[in-house]
Amino acid sequence: MNRIWVTDTVSKVDEIVEVKGWVQSRRDHGKLIFIDIRDRSGILQAVFWGGGDKELFEKAGTLRSEYVVSLKGKVQKRGERQINPDLPTGTVELAVTELQILNDSETPVFEIEKAPEIGEELRMQYRYLDMRSPRMRDNLIKRHQIIKLVRDELDAEEFLEIETPYLTKGTPEGAREFVVPARLHTDKYFVLPQSPQQFKQLLMVGGVERYFQIARCFRDEDTRGDRQAEFTQMDLEMSFVEREDVMALNEKVLIKIVEALYPEKRIQQVPFPRLSYAEAMAKYGTDRPDLRENPDDPNLLAFAWVVDFPFFEKTNKQEHHGAEGEWTFTHNPFSAAIPEHREWLQNKQNIGDILTSQYDIVLNGYEIGGGSIRNHRPEDLRRVLEIIGHKPENIDRDFGHMLKAFSFGAPPHGGIAWGLDRLVMLLQNEPSIRDVMAFPKTGDSRDLLMEAPSDIPEKQLKELGLK
RNA sequence: GGGCUCGUAGUGAAGUUGGCCUAUCACGCCUCCCUGUCACGGAGGAGAUCGCCGGUUCGAAUCCGGUCGGGCCCGCCA
């Protein structure tokens, strides 16, 4: 395979090269035809002369938008007056001697160059066309680079990347879950994880010590511009650490992402400022304040940590969290209280005043991650579940596996999860999380390209015991 | 579960106090011309039952009801 990226032609003047890609546009001057060929790297102008190879020239005349072609020819330096300063390859062009049409194309439903101004419905329906635009291509490339950097950084810190199951058990806590019927279990159901929380804690019991995962999570809740039913977390957990250790590591990785991949951006304050929940609410009226000095600056990043959240709050919504008590947790039932309040938790004293070890990482007014130090002693987890009103028999039924695991020498541990899509969205200055996902879903979680969800055959329903 | 908003040629928009709409413009598409364009240029052409269903009216893209689809927000999202 001798094919090179079109942008690499800049350093190959006077060489014979082969490029492959899509016809972005054609400018036919009668006896001279220009083709802009596009591949993942960018765009290159190719030239065909009527005075040369007649068959080649006629073939060039049949090219249309989005035809897939292979071109061979000599890279030429452009004349002074022909240089296009707006194009990275604007100093060169390809004098084509061989043209192979690898595939033709219907007239695209929208012009690729105009993708940014096309309605989202159409962009989602024809995502494969939308992706050919520089905007989507750049989003996908940057997303890859961010994930790769996180992997490299965590690998250097001796983390293990471990996959946890997608077919798993539901918990009576938190978000509504997607349910999966299965042929071998016609009256029981798998549930898709809303996060790998329980598994990652079990990995800590298993002595893994440092785990991370780029994990898909599923929540059957209504969506938003920054929320999808199916999304990606950068999930990590560490043993023998305290709050400060987890926060410091994450801060380091976030700064590295910005420095390595967004040199044009400025982090407003390093180390990241820290606010208590009470302080944030008093000063900004929200627990995810936008601290930017200038919210109009697209290159300003105001990270902040928010800590010292109340562990519990009163609820009158009986159905909320499936518990029946007057208390519910604010973030995560697996969290530990801050060390100073552990005694209150154990004695169920001053419940409303107990602070959780929870830390949220906030960026420009969005929550991009959250974590905590966990309860590694079974009696502490049991106490939390009691406070939020779970009956003892339900605790053993729903959380028995965790309590049991913790009884076998669970190490102290804590971790965090990033909303990866949301982070990429903010770094890419995109208005919606959909723009940084290859195949996003609509507001009511439909896939317009695949047309999911959809009916399934009667036979399949019967096998699953659903009919 | 609730509120708001948008839907007009392939695409993006205009038109929406009912009649001047036999629906306008730009891009794209098709045919022809063009040797330096890169938002190429020139001449001509095709393409819209105004999301769908129903109603009001002498008359509906325009008003009303419903419905489908996209988006935003509240609830919800450990």
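The structure displayed is predicted, hence computed values, not measured ones. So you know, we letter chains A, B, ... as the sequences are listed, proteins then strands, and number each from 1.
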Check whether any side-chain N or O of A:D220 sits under 3.5 Å from a backbone N or O of A:R176 as a donor-acceptor pair, and report yes or no.
no
Side-chain donor-acceptor pairs under 3.5 Å in residues 56-65 of chain A, sequence neighbours left out?
unit_1: A:K59; atom_1: NZ; unit_2: A:L99; atom_2: O; d: 2.8
unit_1: A:T62; atom_1: OG1; unit_2: A:K59; atom_2: O; d: 2.7
unit_1: A:R64; atom_1: NH1; unit_2: A:G61; atom_2: O; d: 3.1

For A:D39, run the salt bridge (Lys or Arg N to Asp or Glu O under 4.0 Å) check against A:K20, A:R137, A:R3 and tell me which one passes.
A:R3
Mind checking the P distance from B:U22 to B:G59? Whole angstroms is fine.
15 Å
Sidechain-backbone polar pair: A:D138 side chain, A:P134 backbone, donor-acceptor under 3.5 Å:
no
Sugar-phosphate only, base, or nothing, as touched by A:E113 at under 4.0 Å among non-hydrogen atoms
nothing
Rounded P spacing from B:U62 to B:C50 in Å
9 Å
Select base, sugar-phosphate, or nothing to describe what A:S195 touches, counting heavy atoms under 4.0 Å on all strands.
base
Using atom C1' in both nucleotides, what's the gap between B:U8 and B:U16 to the nearest angstrom?
11 Å
Which residue pairs satisfy the salt bridge (charged side-chain N to carboxylate O under 4.0 Å, His left out) criterion with at least one member in residues 392-404 of chain A, sequence neighbours excluded?
A:R382-A:D396
Summary of side chain to side chain donor-acceptor pair (under 3.5 Å) pairs that have at least one residue in residues 349-358 of chain A, sequence neighbours excluded:
A:Q358-A:D360
Tabulated below should be each protein N or O lying under 3.5 Å from an N or O of nucleotides 1-5 of chain B; please produce it.
unit_1: B:G1; atom_1: O6; unit_2: A:D222; atom_2: OD2; d: 2.9

Look at the side chain of A:S372 and the backbone N and O of A:R374, then say whether any donor-acceptor pair between them is shorter than 3.5 Å.
no
Atom CD of A:E106 to atom P of B:C30: distance rounded to whole Å?
11 Å
Between A:D14 and A:K77, does at least one N-O distance fall below 4.0 Å, as a salt bridge requires?
no
In whole Å, what separates the P atom of B:G19 from that of B:C64?
15 Å
Any luck finding a side-chain donor-acceptor pair between A:D235 and A:Y211 under 3.5 Å?
yes
Determine whether the aromatic ring centres of A:H390 and A:F399 lie less than 6.0 Å apart.
yes
A:Y126 OH to B:G70 C1', in whole Å, measures 15 Å
So, is A:R446 near the phosphate of B:G70, with a side-chain N or O under 4.0 Å from OP1 or OP2?
yes
Return no unless some side-chain N or O of A:T442 is found under 4.0 Å from OP1 or OP2 of B:G70.
yes
Report yes or no: does A:T97 contribute a side-chain atom to a donor-acceptor pair with the main-chain N or O of A:K72 at less than 3.5 Å?
yes
Nearest-Å distance once atom P is located in both B:G15 and B:G51:
15 Å
Residue pairs fulfilling side chain to side chain donor-acceptor pair (under 3.5 Å) with at least one residue in residues 107-129 of chain A, sequence neighbours excluded:
A:E120-A:R434, A:R123-A:D130, A:R123-A:D435, A:R127-A:D130
Rounded distance in Å between the C1' positions of B:C4 and B:G41:
47 Å
Tell me, please, which residues at least two apart from A:Y189 pass ring pair (Phe, Tyr, Trp, His ring centres under 6.0 Å).
none
Contact check, residues 346-383 of chain A vs RNA chain B, heavy-atom distance under 4.0 Å, returns none
Here the side chain to side chain donor-acceptor pair (under 3.5 Å) pairs for residues 24-37 of chain A, sequence neighbours left out, are A:Q24-A:R38, A:S25-A:R27, A:S25-A:D36, A:R27-A:D36, A:R27-A:Q45
Using a 4.0 Å heavy-atom cut-off across all strands, classify A:R123 as base, sugar-phosphate, or nothing.
nothing
Pairs under 3.5 angstrom, nitrogen or oxygen only, protein versus nucleotides 39-48 of chain B, please.
unit_1: B:C40; atom_1: N4; unit_2: A:D28; atom_2: O; d: 2.5

Distance-only side-chain donor-acceptor flag, A:T164 / A:Q213, under 3.5 Å
yes
May I have the distance from A:E451 (atom CD) to B:G70 (atom P), rounded to whole angstrom?
12 Å
Could you give the side-chain donor-acceptor pairs of residues 222-229 of chain A under 3.5 Å, partners two or more places apart or in another chain?
unit_1: A:T223; atom_1: OG1; unit_2: A:G443; atom_2: O; d: 2.6
unit_1: A:R227; atom_1: NH2; unit_2: A:D222; atom_2: O; d: 2.9
unit_1: A:Q228; atom_1: OE1; unit_2: A:K441; atom_2: N; d: 2.9
unit_1: A:Q228; atom_1: NE2; unit_2: A:K441; atom_2: O; d: 2.8

If you look at every heavy atom in A:P193 and A:Y166, which pair is closest and at what distance?
CD-O, 3.0 Å
Roughly, in whole Å, what's the span from CZ in A:R81 to P in B:G36?
12 Å
Rounding to the closest angstrom, what is the interatomic distance between B:A9 and B:U49 at atom P?
7 Å
Just call it for A:D226: base, sugar-phosphate, or nothing, with non-hydrogen atoms closer than 4.0 Å on any strand.
nothing
Tell me whether the side-chain N or O atoms of A:E93 pair up with the base of B:G36 as donor and acceptor below 3.5 Å, since no angle test is needed here.
yes
Listed pairs, N/O of protein and of nucleotides 6-12 of chain B, under 3.5 Å:
unit_1: B:G10; atom_1: O2'; unit_2: A:V109; atom_2: O; d: 2.7
unit_1: B:U11; atom_1: O4'; unit_2: A:V109; atom_2: O; d: 3.4
unit_1: B:G12; atom_1: OP1; unit_2: A:G119; atom_2: N; d: 3.0

With no angle test and no hydrogens, is the base of B:C77 tied to the side chain of A:R227 by a donor-acceptor pair under 3.5 Å?
yes
How long is the span from the CG atom in A:L202 to the CD atom in A:Q197, to the nearest 0.5 Å?
10.0 Å
Whole-Å C1' distance, B:C32 and B:A46:
15 Å
Proximity to RNA chain B (any heavy atom under 4.0 Å), residues of residues 49-79 of chain A only:
A:W49, A:R64, A:S65, A:R78
